[in-house]
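Whatever order the structure lists them in is the order used to number ligands and atoms, beginning at 1.
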Amino acid sequence: MIEPKYKRIILKLSGEALAGDKGFGIEENTIVSIAKEIKKIQEMNVQVAVVVGGGNFWRGRSSEGMDRATSDYMGMLGTTINALGLQDALEKIGVVTRVQTAIEMRQVAEPYIRRRAIRHLEKGRVVIFAAGSGNPFFSTDTTAALRAAEIEAEVILLAKKGVDGVYDSDPCKNTNAKKFEKLKYIDILNLGLGIMDSTATSLCMDNKIPLIVFGIDNPENIAKIIYGEKIGTQVREE
Ligand code: UDP
């Protein structure tokens with residue numbers, strides 16, 4: 001059996017990744033197929049923590065007229081809906097999970113407690129981090145960087161829908177767009193590549209957290225990366 005390349009990872013799933021072709025909300029077949037892939041890597045004894053986005057419901061910047069902080073809190077609640085959806089999909093196929101929220105909602109899930117999250121991971125439970133960082137003006141990409149640093153994850157797998165890595169321009173608009181195999185964080189900032197916001201990029205860079213940007217349109221990519229296949233774009237500090 002091939003040894004997994006990583007022991008503890010953060011999988012960042014954007015809200016869009018869960019919406020399938022609907023583009024909004026949760027598409028059940030899509031979430032089930034992602035859950036199956038998570039199960040696969042969890043069965044390889046990889047400790048899996050998932051940070052879920054919320055863009056399939058709401059993004060803070062979706063509203064121009066609304067108070068930004070309020071709008072961001074709405075976005076964070078959206079991520080919690082996704083977290084519960086993913087929890088349900090995972091538990092239905094026998095994967096033990098815990099959802100931890102960065103905004104307390106004890107009737108729904110545990111509050112985020114770092115040491116407890118690590119304990120769950122050590123016991124083989126999949127931990128789903130919901131409600132982002134709990135702070136407005138941040139993104140779930142930044143949350144992924146933050147949680148990766150906190151739980152000492154070896155890598156962040158940044159799942160993207162509709163694109164299979166980082167390009168020098170938008171591949172949907174420019175047929176000549178060039179895909180990067182490897183990148184440094186500083187290049188993302190200097191070239192203004194829109195793959196992650198600058199806060200998330202800096203946090204990863206400062207904490208030397210490797211990142212792999214890959215396409216989730218084929219969820220099997222998750223296991224392939226864990227087996228060490230070079231998929232998507234590898235981003236590192238050096
Ligand atoms: N959000 C926030 N603080 C955080 C994480 C998320 O305010 O720490 C809000 C923000 O409004 C964001 C929304 O939640 O637009 C959904 O998250 P994100 O846009 O990162 O989701 P994704 O694009 O990954 O689906």
Original post:
Do Glu110 and Arg116 come close enough that some side-chain heavy atom pair is under 4.5 Å?
Top reply: yes
Original post:
How about Lys182 and Thr233: do any of their side-chain heavy atoms sit closer than 4.5 Å?
Top reply: no
**OP:** Only pairs at least two apart or in different chains count here, so list each ring-ring contact (aromatic ring centres under 6.0 Å, His included) that has a residue in residues 117-167.
**Re:** Tyr112-Phe129
Subject >> Under 4.0 Å from ligand 1, counting heavy atoms only: the protein residues, by chain and number >> reply: Lys12, Ser14, Gly15, Gly53, Gly54, Gly55, Trp58, Arg59, Gly60, Asp72, Gly75, Met76, Gly132, Ser133, Asn135, Pro136, Phe137, Phe138, Ser139, Thr140, Thr143
Subject >> Residues Trp58 and Ser71: side-chain donor-acceptor under 3.5 angstrom >> reply: yes
Original post:
Among pairs that include at least one residue of residues 52-70, which meet salt bridge (charged side-chain N to carboxylate O under 4.0 Å, His left out), considering only residues two or more places apart or in two chains?
Top reply: Arg68-Asp72
**OP:** Apply ring pair (Phe, Tyr, Trp, His ring centres under 6.0 Å) to Phe24 and list each qualifying residue two or more places apart in sequence or on a separate chain.
**Re:** Phe57
